[in-house]
Chemist: 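Okay, handing you the structure first.
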Amino acid sequence: MLSIGFALAVYFFFFKSYPYHLTYHEQYQLFQLTSEYAVEVLSLPGGAAEYLSRFTIQFFRMFALAALWLAALLTSVQLLTWALMPKRPIWSYPLSFLPAACLWVSMCDENGMPTAVYAVMLSALAALGVGVIRKTSLRRGLLFLGIPILYMACGSIGMAVYAAALIINGSAKKDVSFRTNIIVAVIAVAVAVACPIVASRLFNYTLVHLAKGLHYYRFGAIFPAWAWISAASMIAVWAASASMRPIRQASVRYAVLGVLGVAVALTTYKGVSANMDSDKEEAFFYDYMVRSRQWGKLLEKAREKHPDTPLTVQCLNLALAKTGMLPDLMFSFFQHDAEGLISPFLRDFTSPLPASEALYHLGFVNDSQRYAFEIQEAIPDFQKSVRCCKRLAETNLINGNYEAARKYLTTLQHTMFYDKWATGALALLGDEDAINANPEYGWLRKMRVKDDFFFNDQEMFSTLGLLFEATRANQTAYEYLMAWTLLRKDLKLFYQAYPLGKDLGYNHIPKSYQEALAMIWVNENKSWEGMPWSLSPQVMKGMESFLRDYNSSVPADVMKKRYAGTYWVYFLY
Amino acid sequence: MTRTIKYALVAALTAILAGCGRESTEGAKRINALPDIFPDYAGVTVPCNIAPLNFNMAGSKAQKIDVVIKGAQGGSIHSQGNEASNIDAGEWRDLLAANAGSNLTFAVSAKYDDGWRSYKPFEIHVSADSIDYGLTYRLIAPGYEVYSHLGIYQRELGSYLQTAILENTQVDGCMNCHSYNRCDPKDMSLHVRGPHGATLLRKDGRLTALNTATDSTLASCVYPYWHPNGRYIAYSTNNTRQVFHVADLKRVEVFDLASDLQVYDTETNTLLVPAILQQDSVLETFPAFSADGKKLYFCAANMLPNMSNDMTKVRYDLCSIDFDAATGTFGNKIDTLVNASARGKSIAFPRPSFDGRYLMYSQGDYGSFMIWHPESDLWLLDLASGETRALDEANSPGAESYHNWSSNSRWYVFGSRRDDGLHTRAYIAHLGADGRSGKPFLLPQENPRRYYDNQYRSYNVPEFVSAPVNLDRFEAQKVLFDSTRLQVIPKILK
């Protein structure tokens, strides 16, 4: 029952509270069903656990299945911990949850990889298999032989768990002397220590990296603390259980069971809640919505709680632009500065994602490609990204670089979930008519800049202006250009660029533009008479009221509330 | 004895099974055209000690490839493979040895859904000129500012064996500018950037981490070139920037805001800084000593007032200056050997052949970073006559860039983006005594299609080596991880 409860808790956690951490993982790998890929992954220490982890991560785009998978994995770790406890009095059952709980905590970090879960699980499973062998010499031989094998398959954590399980369980058997147990343990430890040392001669990694594990954490330089704590807790539970004594009184047994159960549950709850990062989950939600183009769902969430980080605001603004609401509604949401449109490139694999998307939708095909390329290169564990690979294929296809596009598409054909898309895109290569007729690629081709210039993220006014000037039909470019002037509070540039949109077919002057125009007008005129723009009466009335309040020194808090959603508040507060 | 018989039986059985496994191509439909193969090896000239030129049928629809290779001076190989031609390495070696200086004829058949098709045979020429032991290069994704997994590798040219010399999994940081003296890997220079940054110098078996940045120079030393006497290394120091094209097919422009030349004296740990090569109004870069060591070739361009905006107007000429190795001094006159700027062109990477006969360079429309310039081609300057010509035999519509010579100056390797316009691949070509080049061939692989499809990194700075580069990576790690750096001492030469 406790195990089922644990599985359900894990399932609901990842399905309901943390699903976008899973999609975050999915985009940073490019699992291929090819022998070359398998050999590349399996040939490094920890390769089998890593291969299974990557295989699993492919499914992380399906929330329910991914959550179910993780629940099954973590529960199997718990059951294996229990199965390998030398003594298993029922009151000690809650202790068997500790390693799985630590792995759960490790998975709360977006850079904690499922490899650690597989490493613990596979090595415990191997120990369980070897542990049932009755012949001591064979079991012992397999212990020594298994250490390097488990090191290669599961990495150093796997090796440690396997060796510890067999040593602790072996020493719990009464037919072996204490001295023999010590000798066996010393030899096992020596073999285990030798494994990364030998590996450092065979593989081009530092000894430290090989000792702490290559794949448990996305950043090689960071120690995968929770993965190791999990392994340590597993070994500690086994060691503790070896010296457990039976509790005779049933009431005491149940009391201990209850106390331990509550303690472990509380510890798990505390650990998970302390290590889960809701802000990141929210950021990953926004990014996933942009990636999957679920603009409506994104805006729905934004209305509930305004996004307020550069990453999420960029996603919001792109969603507003894609749904034609940017100029009307952008100031109904939190805005900070122009970096909420397209942030300058940082050498990072996450923060440039929304800018890359915005550049693509704007028609900066080359720069979207650059961002996608650089994001992929910045992935710390040197993996390729299925998301970036797709974007690189698309941008090369749009640019007519068909051989480069073919290379990316051929790779994507070896994936489980992108192969059909890749095959469809491959059919487009070289077919100019088909590409031009494609609603997305054809449109982006039409919007491309013909007269080359250099992208300058420090001078977005001229960069966006030149993009819009290329066709004068790129409404998104125009709206980003106007939004940039508004966010920079540069009404002079706003006024200069505003007429460029006259042929874009607006049936009304967008709200934020009206508010800016009203500000420009009242700054130099005492009445609305002679104003060349058809501002709505509400805007004019609002402007008058705002000015009255502002000049009467109404407190900022009140002004912000009273005129919430207007450009005036953004401009002056 | 019994064991010998057993082995003989197993070997015989294996041979029979292999023979049985080979499908007959009898009755194949005859196609009156050359086979469309990848890589395109038809008509290439190869050295007599190169690895088997395996190839695939272009596209992925062929189910089997059958190849019969016959030597004009005797010998033949028959191979069959599912994806690649699967040429036996031993038989290939024997065939090349028997046909050095002559031709091999490849008769290719391929099996498709509708059965076997056999194509018109093609020939390759086997040069009697051998090639060096191997090639070293950096493998790095053709990116912009960020790098992922990269390293310096060596590849045996007689086989497909590639091993890492140093990778960024061992030493965190970017690494490049690997250089040897006339292909001899005994002495080498390698630059590492990042937290453990240094110029790694191996001289007389000793590994030293140098700090080549000084108060008198622009930055750390890059683009090394060894003096033939092994004492000096010419370097440039560059203040480099990048900008990104919005519309053009050229994605990136890499350009220098300033650059100068220096020569490092390995014996005195002195960086010779000649004033004549540090002119503020001139960008000097890509140094290379002449074969006799008496000249230093380099590229030079006039600095423009606004480099960021005017970079497409920056054009480099090929220049030289005298160098006296005995005194470590420079001449006081700079000669312009090829005035490319006058023709609206720009020159990069001058590389004199080690026999002193030629100088090869890249030429594009402007700038110095030719790998991103599709118009960039290889040019050959005859140092005796002063005549220069485009190496049309080797050039392609894609970018041809970094190049270097084999130790016997009969082969040259260069980076080319002709295959997909993005990833630089290593091509090798023969240069005959008459100055004519053979058709270049792509660096052979066991299964080229698979290998190159999966290879997302570019071959960067390919250099021949006459023997394996036995760099002790643990020693290199130790030297680099130790924060101690040997500071080079600048010596200003007026």
Chemist: Could you list the residues that satisfy side-chain contact (heavy atoms from CB on, under 4.5 Å) with A/Glu403, not counting sequence neighbours?
Modeler: A/Arg406, B/Asp420

Chemist: Which atoms of B/Asp419 are under 4.5 Å from chain A, going by heavy atoms: the side chain, the backbone, both sets, or neither?
Modeler: backbone

Chemist: Would one find more than 12 heavy atoms of other residues, nucleotides or ligands at under 6.0 Å from atom CD of B/Glu446?
Modeler: no

Chemist: Between A/Phe455 and B/Val243, does the side-chain contact (heavy atoms from CB on, under 4.5 Å) criterion hold? Intermediate values first, please.
Modeler: CA-CA 7 Å; A/Phe455 187 87; B/Val243 286; over 6 Å; no

Chemist: Side-chain contact, heavy-atom cut-off 4.5 Å: B/Tyr456 with A/Lys407?
Modeler: yes

Chemist: A quick test of your reading: do over 12 heavy atoms of other residues, nucleotides or ligands sit less than 6.0 Å from CZ of B/Arg193?
Modeler: no

Chemist: With a 4.5 angstrom heavy-atom cut-off, is it the side chain or the backbone of A/Thr34 that approaches chain B, or both, or neither?
Modeler: neither

Chemist: So which of B/Arg473, B/Glu253, B/His423, B/Arg450 has the largest heavy-atom pair count under 4.5 angstrom toward chain A?
Modeler: B/Arg473

Chemist: Is it the case that atom CG in B/Asn306 sees more than 12 heavy atoms from other parts of the structure closer than 6.0 Å?
Modeler: yes

Chemist: Considering only heavy atoms, which portion of B/Gln170 lies under 4.5 Å from any heavy atom of chain A: side chain, backbone, both, or neither?
Modeler: both

Chemist: Under 6.0 Å between the ring centres of B/Tyr147 and A/Phe382?
Modeler: no

Chemist: Taking side chain as everything from C-beta outward and backbone as N, CA, C, O, which of these in A/Thr410 sits under 4.5 Å from a heavy atom of chain B? Side chain, backbone, both or neither.
Modeler: side chain

Chemist: Among residues at least two apart in sequence or on other chains, which ones pass ring-ring contact (aromatic ring centres under 6.0 Å, His included) with B/Tyr137?
Modeler: B/Tyr459

Chemist: If you count heavy-atom pairs under 4.5 Å between each of A/Gln383, A/Lys450, A/Gln369, A/His414 and chain B, which one has the most?
Modeler: A/Gln369

Chemist: Where does B/Tyr452 contact chain A at under 4.5 Å (heavy atoms): side chain, backbone, both or neither?
Modeler: backbone

Chemist: Can you tell me which portion of A/Tyr205 sits under 4.5 Å from chain B's heavy atoms? Options are side chain, backbone, both or neither.
Modeler: both

Chemist: If you count heavy-atom pairs within less than 4.5 Å of chain B, which of A/Leu466, A/Asp452, A/Leu207, A/Asn366 leads?
Modeler: A/Asp452

Chemist: Establish, for the pair A/Arg201 and B/Phe474, whether the NZ or CZ atom is under 6.0 angstrom from the six-membered ring centre and no further than 45 degrees off its axis.
Modeler: yes

Chemist: I need the A/Phe453 CZ to B/His245 NE2 distance, nearest 0.5 Å.
Modeler: 12.0 Å

Chemist: Before you tell me yes or no, could you show the steps for A/Phe454 and B/Val246 under side-chain contact (heavy atoms from CB on, under 4.5 Å), namely the whole-Å CA-CA distance, both residues' side-chain angles and the distance that decides it to 0.1 Å?
Modeler: CA-CA 6 Å; A/Phe454 295 120; B/Val246 168; over 6 Å; no

Chemist: Atom OG of B/Ser148 and atom CZ of A/Phe349: how far apart are they, to the nearest 0.5 Å?
Modeler: 11.5 Å

Chemist: Give, as side chain, backbone, both or neither, the part of A/Arg370 having an atom under 4.5 angstrom from any heavy atom of chain B.
Modeler: both

Chemist: Using a 6.0 Å cut-off, check whether atom OH of A/Tyr441 has over 12 heavy atoms from anything other than its own residue.
Modeler: yes

Chemist: At what distance, to the nearest 0.5 angstrom, does OG1 of A/Thr411 lie from CG of B/Asn454?
Modeler: 6.5 Å

Chemist: Relative to chain B, which segment of A/Asp367 carries a heavy atom at a distance below 4.5 Å: side chain, backbone, both, or neither?
Modeler: side chain

Chemist: Would you mind checking which part of B/Glu145 comes under 4.5 Å of any heavy atom in chain A, side chain (CB onward), backbone (N, CA, C, O), both or neither?
Modeler: both

Chemist: Need one label for A/Phe203: side chain, backbone, both or neither, based on atoms under 4.5 Å from any heavy atom in chain B.
Modeler: backbone

Chemist: Of the backbone (N, CA, C, O) and the side chain (C-beta and beyond), which part of A/Gln32 lies under 4.5 Å from a heavy atom of chain B, both, or neither?
Modeler: side chain

Chemist: If we only count heavy atoms from C-beta on, is the A/His209 to B/Thr169 side-chain gap below 4.5 Å?
Modeler: no

Chemist: Do other residues, nucleotides or ligands put more than 12 heavy atoms under 6.0 Å from B/Lys64 NZ?
Modeler: yes

Chemist: How long is the straight-line distance from CD of A/Glu377 back to CD1 of B/Ile140, given to the nearest 0.5 Å?
Modeler: 7.5 Å

Chemist: Select one option (side chain, backbone, both, neither) describing which atoms of A/Asn456 are under 4.5 Å from chain B's heavy atoms.
Modeler: neither

